[in-house]
Structure formats: structure tokens, C-alpha cells
Amino acid sequence: MKDIIRKIVLDAAQKAFETGEFPSDHVPEMEIEEPKHSSQGDFSTNFAMVSASVQKMAPVKIAQRLVSFIPATGLIEKIDIAGPGFINFFLSNTAWHPVVNQILEQDEAYGRSDMGKDAKVQVEFVSANPTGPLHVGHGRGAAVGDSVGNILSFAGFDVQKEYYINDSGRQIRTLGTSVWLRLMEKSGQRIEFPDDCYQGDYIKDFAQQILEKEGLEFVKKDAAEGIAVCAEFAATKILEGIKEDLIDFGVQFDHWFSEQSLYDSGRVQDAIDMFRKKELIYEKDGALWFKTQAFGDEKDRVVVRNNGLTTYFASDIAYHREKYERGFDKVIDVWGADHHGYINRINASVVASGRKSEQFEVILVQLVNLLRDGKPFQMSTRAGEFVTLKDIVSEVGKDAARFMFLSRSYDSGLDFDLELAKKKNSENPVYYVQYVHARITGILLKAVESQIIEDIDFNTGKHLELLIEEEEINLLKILHSFGEQVEKSASTLHPHVIFTYLMTLAAAFHGYYNKHKVITDHVEQTQARLSLVLGVKKVIRNGLRLLGISAPERM
RNA sequence: GCCCCCGUAGCUCAGUGGAUAGAGCAUAGGAUUCCUAAUCCUUGUGCGCAGGUUCGAUUCCUGCCGGGGGCACCA
């Protein structure tokens, strides 16, 4: 619709120039926007204001001349010139009616966009170390990453969702040591359990499982060998658990990528050699350093320590290099805010590889404060006191949990109150949106059962011209803007845009529902209204799907 | 000290280079013989402070203040 208005303005400006009313045919960048107040029309443009210097006329005068060149159509009811020179367009009711048929025809595809032009995008998220179960912070990252992937896909990008498994390095050895020591303990030995080992009870469970599987002989093994077996066993089990927890949370990855595979295939060494040849990696104090400072980082970073061990940064360089070699035009990493210091160095390695800075983006998700009745939980993997994602999903449900994570911008910290998320009343707005879907399902069922209309056509809107109530036109406008909101959400990578939209649509529907009956004795009007609410139902479903939240038929 | 995020209504948060800054919760009152009251309607207060850019700044820039997070040859 905005494009139509824009074309009308441009055509009028061209005619005004051709007839000599405008001295210039130059059109500066202008905006077609939706004013906040209905008294300012459905659409508004600042054309006259931005053209003032070009046309060497007062904005109001430009506006008046422009409007005189806009032909009368059934689309526009009236045009006002207001304030400092805004041109306000008031559309006729009939301009909005076609949206119902667009929704019914396009159905699950309604709201799709081709703005992505099939560009290949990878969204990597969660990527938690397989050293313990996922906790609430991972849940927020999972909800954000999954939804961003869904939204980008809906907006026409070719999306792959990936999980990077940090199955190499020190934390895995620490995991093995932790299990090994618990095993020693179970075999009767007195041990000192270090603070830097994983403290959770799940470590003891693994020790018990290994004991049952391998028998007491196992503890007589060489420590290094025993630790390796423990690490392998525990990491595998934990990863299985992570996969299950994510599926229960509604998240499915297209690809799981192993860090260890980068070492096994020699890609880490290849990357180091390549950058060394380019003199972007150099030796100092017995270690190898990457010149990240030359690309905007605060200082250069170590990739190989003086003890010969590689750092995480080394495999991350190889990993990101590998991503682009797989053909992704853009790579998006979803990280917790506590990793923000890492952005510059990864970005440096990406740019050093010849990629453009815009091809790499980090979504930094701020931290979650978990509360119960307003009181904070302390969460620390090492101390073993955490509330897992699994706990949260089983306590409050997948939908409520995802709602909490997606209801606000990830740029802000999030207070997640378990008791609030559990409430099945109006304090918990996830139901507010889902209820619309269930309510409309009820109306449609009732319409079929009451047989007020024979052969209700749910594929084509009929008698839409009878939708004339203020609340109906308002709903149509909101339904119309869904695609635009999808594009906004995709271009800003902010899923909460979709949630805010759904809340607006839900509020408009509930208000309409309470004021007007859908099913009445007026058959044509009933058919029109059924089509309208069916359209609302489909858009609610499409929106909720982007967020990974279910759309229940009944509640 | 440096870096990132945030500072908008009593609370939790949306929002925008423009014309009258919104929603939920909380508070108070009201609506259901009728498609699900997990709903609706009515009722107040607000852009942390100071400069700058601009015709116009709550929005962009700088500084300050306040809150959170991060600054390893850790992961």
C-alpha cells in the first residue's frame, strides 16, 4: 500500500514538473509513513518539507500544487495538508477489503517476503559446551536464534541453523577429571574435589553409570586413560540431553558442527599456516599471535600458547573461515552478552580473510535474571546451582517460556519470574495471543454447527464490502501490515517486533469481539465477518509460528 | 581505566529525525440470559542530566550520572 501511495506522489510530482508548476523534477528522499493519529490519515508523506529547498517554495505551497495533480480514484477518500506541510492520505474502506482474500489465498505464506533474495545466511546459536545441561541463559539464546532463523527464512533468506559443539579443549578434560574424581570417591578413596571442577550432581550420576557399566576394575586404570573415557562418556551423554532439551523447547538445528573435527581435518593448522604466510600471525614470547589490532581490536590475540596448545580463538578462526567456504553470504552468531569482548577479534579474523564486515554479525543477547516470586536465583555451572532449561520448560511450558524470552528486545536484560510465567491468567500475556486463535476456532465451529449459512466458503471472502465498522477497518489495516513487520523484524534481527505486532493484533481482535457479534441473522454480513476473523486466525498462527509458539484450537 | 548493553508511567517494557510518546501489570469502577470473562470498557503520572548537529531530537553525536555485563598465553 505504501508503494502505491509513493507512486501516486511521484507521478503527481512528475506532472507538476511537466506543466511548469515545479521548477525541478528532483525528488529528495522522502518517507511514506503511518501517522500516529487517525486524524492525520492512514498514510502521510513529508514530500513537501524535504522538497522545500529543491523547489524553492514553501512546503505548504508545494503540497497544494502536488495534491492538485493527484487524480481521483476509489482508493483515496481525501487528502489533507496539515502542520508544517505533511500531506495526509485518507483511504476509503474498500481499499482495505482485498487483504482478507490475500490472506485466505496465501494462507501459510501470507506475510512472506522476498527481501532476502535467497541469500544464504547461517544463524549459529546456543553452542553451549557439552559440560553440563542447558540453563536459562541458553534458553534465551535458543529462543532468539531459532526465531531469527524462522523470520529470516520467512523473509526470503536461505537459512541454516547451526550448533557449534565445543567438544575439544580444556573444559572437556575438566569434565573428564570431574567424573573421574567422583568415581574415585565412589570407590572409597578420599579425594579432594577441586573448585574448578564441575560441581553438579549430574557428574556423580555419570560416575555411577560408568561404575555400573565398567565395574570396580575401572578405577585401577591409568588416570589419563580413565579421564579420557570419562570425558567421552559424559560429553556424549550431555550432548544427547542437550539435543532432547532443545527439541522439547521447539528448537531443531539443521546442522551440528564439531570443534574437534576442525582439528581432526587439519583445518585449524591450515588456517594458522595460511595467516602466518600472510604475516597476520606472528611469533612473540614463544606464542603465536594474530594481528587483530590491525582490524580494530584493542590488542593482538594469542592463537597458540607458548606451551604449544591452541586457544579457542584458533579454532574459532578456522571455524568462521570454514563457514564462508560453505557459501554463506552472511554469518550471524548469537552470543551471551558476557562474550562481547570476543566480537572484535572474530570480526578481525573474518575481515582478514577477505570478507566484508557486513557479512558477519553478532547478536548479543543480554543476561537473564531468574526470579521466583521476585526473589533472584544464583546461577553458576561450576557451583552446580542452576535452573536448567529443562526445569523451566517442564514447569512453565514451552510456549510461556519462549514468550518470556521473546517479548522484549534482547538488548535489555531480562527478569524471568517463574511464578509469573506459570500463571494461567491475564498476568501472563502469552495466553492473550493464543486465546485469539482458540476463540476464533470456536466461532468458526459454531458457524458450521449452527448452519446459518449453507456451504460456508472458507477460501474466498464474500460480501467484504459489508465490513464497515471502525473496528473492522482497524483489523484490516493491522492484518495488512503483517508483511511489513516481518521485513522490519528480519532487517533488524529483532524477533520481539513480531511479538509486539501479535499483541497489537490480539488487542484489536478482542476489542472487536466484545463489541460486535460475528454470527448474526444477517447472512451476508456473517459471511464477511467469518472471512475476516478467519484471516485474523491465520495471521496469528503465522506470527506465532515465527516465534516457535503454538496456536491452540481450544484452551 | 577501557569496551558493550540499558536508563521512557508506581512496576515490567514497547516506540519514533517530525505534528497529541504507547501497552501490560498495579490502583479504582463497570460490562457476561448472547460466538470461550484466559476477554472488554472507563480512570492518572513519564522520555536520567548537560551540551551539539538539525527547519525540527525522546530518537543521531559528545560528555556526565546511575544500573548490568566484559576486559587472560581461561573457556
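In what follows, chains carry the letters A, B, and so on, assigned in the order in which the sequence lines appear, proteins first and then strands, with residues in each chain numbered from 1.
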Would you call A/Tyr432 stacked on B/rG24, i.e. ring centres under 5.5 Å apart with the planes less than 30° off parallel?
no

So, OP1 or OP2 of [N]: does either fall under 4.0 Å of a side-chain N or O from [X]?
X	N	result
A/Arg529	B/rC35	no
A/Tyr410	B/rC6	no
A/Tyr513	B/rC41	no

Just how far, in rounded Å, is P of B/rA14 from NZ of A/Lys36?
18 Å

Length of the OH-P vector between A/Tyr501 and B/rC13, whole Å:
25 Å

What one-letter contact string describes nucleotides 65-75 of chain B from 5' to 3', where B marks a base within less than 4.0 Å of any protein heavy atom, S marks contact via sugar-phosphate atoms alone, and - marks no contact?
----BS--BSB

Flag side-chain contact, heavy atom, 4.5 Å: A/Ile332 against A/Phe360:
no

Considering every strand and a 4.0 Å limit on heavy-atom distances, what is the contact class for [X]: base, sugar-phosphate, or nothing?
X	result
A/Ser44	base
A/Ser39	base
A/Ile519	base
A/Asn88	base
A/His516	base

Between A/Gly413 and A/Met49, who's closer to the 5' end of RNA chain B by nearest nucleotide?
A/Gly413

For A/Glu553 and A/His37, take the nucleotide of RNA chain B holding the closest heavy atom to each; which residue's nucleotide lies nearer the 5' end?
A/His37

Hey, do the aromatic rings of A/Phe403 and A/Phe499 have their centres closer than 6.0 Å?
yes

A/Glu31 meets the salt bridge (charged side-chain N to carboxylate O under 4.0 Å, His left out) criterion, sequence neighbours left out, with none

Less than 4.0 Å between a side-chain N and a carboxylate O, is that true for A/Arg267 and A/Glu322?
no

What does the 5'-to-3' dot-bracket notation of RNA chain B look like when only Watson-Crick and G-U wobble pairs under 3.5 Å count, and pairs to other strands show as |?
(((((((..((((........))))..((((.......)))).....(((((.......))))))))))))....

Flag yes if more than 12 heavy atoms outside A/Asn307 fall under 6.0 Å of its CG atom; otherwise flag no.
yes

